[in-house]
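Because the structure is a prediction, the values reported are computed rather than measured. Keep in mind that the numbers below use all heavy atoms, side chains included, and drop hydrogens, waters and symmetry copies.
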Amino acid sequence: MGKRVLVVGSGGREHAIVDALSRSPQVEKIYCAPGNAGIALQAECVAIKDTDVESLKAFAIQTGIDLTVVGPEASLAVGVIDAFRAAGLKIFGHTKAATRIESSKEFAKQIMVRYDIPTATYEAFDNYEAAKAYVERTGVPTVLKYDGLAAGKGVVVAMTMEDADAALRDMLLDESFGRGRVVIEQYLEGPEFSLLCFVCGDKLYPMPMAQDHKRAYDGDKGPNTGGMGAYTCLPFITEEDHQYAMEKIMRPTAAAMIAEGCPLTGVLYGGLMKTKDGIKVIEFNARFGDPETEVVLPLISSDIYDIFEAVATGRQTSEPTWESLATLGIVLASKGYPGSYEKGYTIEGLEDVDGVVYHMGTAVKDDKIVTAGGRVMIVVCKAETLAAAHAKANSEVAKIKCDNLFYRTDIGHKAFK
């Protein structure tokens with residue numbers, strides 16, 4: 001009998017996970033909680049919130065789920081992995097303790113400093129006056145990070161004192177993300193890239209590297225977002241760079257987490273930067289990145305169920321194999337995002353797209369797909385070269401018609417310089 005899998009989450013990342021699992025010959029049935037309109041085409045969506053641990057656990061038991069795969073950091077941070085394991089259920093993802101590598105920026109920095117993992121210098125504050133005095137002393141530009149989960153919006157690169165002061169007021173006085181601390185980091189320069197690995201203790205299986213685009217508009221202009229697109233096949237990252245990142249950053253971090261008593265058992269996302277002084281860590285995430293997952297997982301040629309199950313149980317598995325193609329994905333977002341935006345606009349032309357469309361924030365209304373979030377969907381195309389993937393993705397995304405969507409046309413531009 002085929003395997004029954006539960007995927008937790010509702011975004012583009014989870015759609016890509018569902019899609020990859022649907023290609024596994026072992027998987028017979030996929031459920032997704034809560035899912036979205038696009039995921040519903042490949043899985044049975046279940047109306048359970050991704051942080052409702054008890055309901056998720058009860059559903060997994062009642063439905064005879066063989067394996068659960070967790071997408072969002074919020075689910076990991078409330079301890080869904082711990083609860084499932086205590087009930088004897090098989091689940092892919094990090095424990096609440098291990099998730100601190102993302103849920104606490106200060107914890108992550110302490111780990112990096114303690115274990116000599118290359119990163120920017122930093123200080124942490126919970127007092128506005130002390131934080132402001134530190135920035136005045138060390139100068140701008142500087143990087144300010146809310147010490148907690150902020151849905152990808154808790155990082156400010158302050159180029160002026162005014163920017164820095166506004167961010168500190170926002171995080172420490174107005175408590176926009178809740179009461180917490182702020183990590184103030186040295187500003188680094190260089191191309192950023194994402195290196196994701198499946199990790200189980202000291203066993204690491206790297207995925208193809210990717211780069212995402214955070215700014216809302218072409219030319220890397222406008223406000224920071226959760227990511228407006230991503231691509232693989234990065235020409236500015238050499239094989240030596242990749243080896244350095246694995247041996248000096250990713251493996252030592254996995255070893256450090258074992259030493260700290262909270263081994264990793266899911267995905268470790270390294271947000272890295274190639275600076276003039278070598279590759280350094282900008283941030284760690286405790287799960288698949290979004291939108292990087294949407295351009296990375298279409299390339300997997302191994303059976304992903306095997307990998308998820310091996311990591312969840314600590315079983316040794318063979319190195320995953322990947323197609324040697326380039327992928328590029330373009331996000332369509334609601335006008336106004338990442339600020340306020342309207343929902344409920346009809347989306348047409350999806351059936352004309354020759355590529356993969358992963359839904360991020362959609363719903364069904366009157367039998368039509370409508371917008372239901374800030375980032376609404378991502379169109380991903382594969383090709384032999386990055387230039388060809390770029391041309392195809394831009395051609396295909398233009399087929400989607402909606403009065404309230406916008407997208408960038410220059411995803412991948414840093415690779416063409």
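- Taking each heavy atom of Gly79 and Lys96 in turn, the nearest pair found is CA-CB, 4.0 Å.
- Of the charged side-chain nitrogens involved, none lies within less than 4.0 Å of a carboxylate oxygen, so that Arg215 and Asp410 do not count as a salt-bridged pair.
- With hydrogens and angles disregarded, no donor-acceptor distance shorter than 3.5 Å links the side chain of Thr265 to the backbone of Cys200.
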Begin from the C-alpha positions of Ile91 and Arg85 and carry the test side-chain contact (heavy atoms from CB on, under 4.5 Å) through to its verdict.
CA-CA 7 Å; Ile91 187 165; Arg85 288 187 184 156; 4.0 Å; yes
For a salt bridge (Lys or Arg N to Asp or Glu O under 4.0 Å) check, start with the C-alpha distance between Arg375 and Asp290, then their side-chain angles and the critical distance, and finish with the verdict.
CA-CA 11 Å; Arg375 292 187 302 164; Asp290 189 350; 3.7 Å; yes
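- When atom types are taken as modelled, the side chain of Glu14 and the backbone of Gly11 share a donor-acceptor pair closer than 3.5 angstrom.
- Here the side chains of Lys343 and Tyr341 are in contact, with some heavy-atom distance below 4.5 Å.
- For the residue pair Thr232 / Thr327, a side-chain donor-acceptor distance below 3.5 Å is found, with atom types taken as modelled.
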Take His413 and Tyr231, measure what side-chain contact (heavy atoms from CB on, under 4.5 Å) needs, and give me the verdict at the end.
CA-CA 10 Å; His413 71 90; Tyr231 65 100; over 6 Å; no
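- Put simply, the side chain of Asn285 never gets that close to the backbone of Arg287: no donor and acceptor are under 3.5 Å apart.
- A distance-only check finds no donor-acceptor pair linking the side chain of Asp212 to the backbone of Gly227 [under 3.5 Å].
- A side-chain donor-acceptor contact under 3.5 Å links Glu102 to the backbone of Ala286.
- Relative ring orientation between Phe125 and Tyr134 is described as tilted, the plane-to-plane angle lying within the 30° to 60° band.
- With sequence neighbours excluded, the residues forming a side-chain hydrogen bond (donor to acceptor under 3.5 Å, both in side chains) with Glu396 are Lys399, listed by chain and number.
- Using a 4.0 Å cut-off between charged side-chain N and carboxylate O, Asp403 and Lys335 make no salt bridge.
- Taking every heavy atom of both residues into account, Ile39 and Cys32 meet most closely at CG2-CB, 3.6 Å.
- A heavy-atom distance below 4.5 Å is not found between the side chains of Val70 and Phe84.
- Considering all non-hydrogen atoms of both residues, Ile378 and Pro291 come closest at CD1-CB, 3.8 Å.
- Side-chain contact check for Arg100 and Thr95: no donor-acceptor pair (N or O, by modelled atom type) lies under 3.5 Å.
- Salt bridge Arg251/Asp202: absent, no basic N to carboxylate O contact under 4.0 Å.
- Distance check, rounded to the nearest 0.5 Å: CD1 of Ile48 to CZ of Phe59 gives 6.0 Å.
- A distance of 8.5 Å separates CD1 of Ile30 from CG of Asp19, quoted to the nearest 0.5 Å.
- The main-chain N or O of His390 is found under 3.5 Å from a side-chain atom of Asn394 such that the two form a donor-acceptor pair.
- A 6.0 Å sphere centred on CD of Gln243 holds no more than 12 heavy atoms belonging to other residues, nucleotides or ligands.
- Judged purely by distance below 3.5 Å, without hydrogens or angles, the side chains of Glu342 and Tyr345 pair a donor atom with an acceptor atom.
- Scanning both residues, Ala312 and Leu67, for their nearest heavy atoms gives CB-CD1, 3.9 Å.
- Checked by atom type and distance alone, the side chain of Thr371 pairs as donor or acceptor with a backbone atom of Gly344 at under 3.5 Å.
- Residues Thr68 and Lys57 are not in side-chain contact: their nearest non-hydrogen atoms beyond the backbone lie 4.5 Å or more apart.
- Atom NZ of Lys105 and atom NZ of Lys145 lie 7.0 Å apart (nearest 0.5 Å).
- Atom CG of Asp126 is separated from atom CE of Met171 by 14.5 Å, given to the nearest 0.5 angstrom.
- Relative orientation of the Phe198 and Phe288 rings is perpendicular, given thresholds of 30° and 60° on the angle between their planes.
- Among Val356, Leu328, Val353, Leu350, the single residue meeting the side chain to side chain contact (heavy atoms under 4.5 Å, CB included) criterion with Val379 is Val353.
- Side-chain contact annotation: Thr119 with Lys109, donor-acceptor N/O pair under 3.5 Å present.
- Judged purely by distance below 3.5 Å, without hydrogens or angles, the side chains of Tyr115 and Glu260 pair a donor atom with an acceptor atom.
- Checked by atom type, the side-chain pair Glu292/Ser194 shows a donor-acceptor distance below 3.5 Å.
- Each of Ile347, Ile400, Val357 was compared with Leu332 under the side chain to side chain contact (heavy atoms under 4.5 Å, CB included) criterion, and only Ile400 meets it.
- Looking at Gln211, its side chain does come within 3.5 Å of a backbone N or O of Glu192 through a donor-acceptor pair.
- Atom-to-atom distance recorded for Leu76:CG and Ser103:OG is 9.0 Å, nearest 0.5 angstrom.
- Within the 3.5 Å criterion, the main-chain N or O of Ser334 finds no donor-acceptor partner in the side chain of Asn404.
- Aromatic rings from Tyr217 and Phe406 are positioned such that their centres are separated by under 6.0 Å.
- Note that OG1 of Thr142 is 11.5 Å distant from CG of Asp163, once rounded to the nearest 0.5 Å.
- Residues Arg181 and Glu106 are paired through a salt bridge, judged by an N-O separation under 4.0 Å between the basic side chain and the carboxylate.
- Pro118 and Tyr244 make their closest contact through CG-OH, 3.8 Å (heavy atoms, listed as atom of the first residue, atom of the second, distance).
- Lys203 NZ: more than 12 foreign heavy atoms inside a 6.0 Å radius.
- Within the 4.5 Å cutoff, side-chain heavy atoms of Leu6 are placed close to those of Tyr31.
- No side-chain heavy atom of Leu268 sits under 4.5 Å from any side-chain heavy atom of Leu196.
- The side chain to side chain contact (heavy atoms under 4.5 Å, CB included) test with Ile17 singles out one residue from Phe92, Tyr358, Phe308, and that residue is Phe308.
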Taking only distance into account, with no hydrogens and no angle test, what donor-acceptor pairs under 3.5 Å do side-chain atoms of residues 270-280 form with protein atoms, sequence neighbours excluded?
unit_1	atom_1	unit_2	atom_2	d
Lys274	NZ	Phe236	O	3.0
Lys274	NZ	Asp241	OD2	2.6
Thr275	OG1	Asp277	N	3.0
Thr275	OG1	Gly278	N	3.3
Thr275	OG1	Gly278	O	2.6

Verdict with reasoning, Ser75 to Thr51, per side-chain hydrogen bond (donor to acceptor under 3.5 Å, both in side chains)
CA-CA 5 Å; Ser75 307; Thr51 52; over 6 Å; no
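- Counting only distance, with no hydrogens or angles, the side chain of Asp147 and the backbone of Val182 share no donor-acceptor pair below 3.5 Å.
- Minimum heavy-atom separation, Tyr407 to Ala398: OH-CA, 3.7 Å.
- Each of Val199, Leu204, Ile101, Val281 was compared with Thr253 under the side chain to side chain contact (heavy atoms under 4.5 Å, CB included) criterion, and only Ile101 meets it.
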Going through the distances and angles, do Glu294 and His15 end up as a side-chain hydrogen bond (donor to acceptor under 3.5 Å, both in side chains)?
CA-CA 8 Å; Glu294 292 92 313; His15 195 172; over 6 Å; no
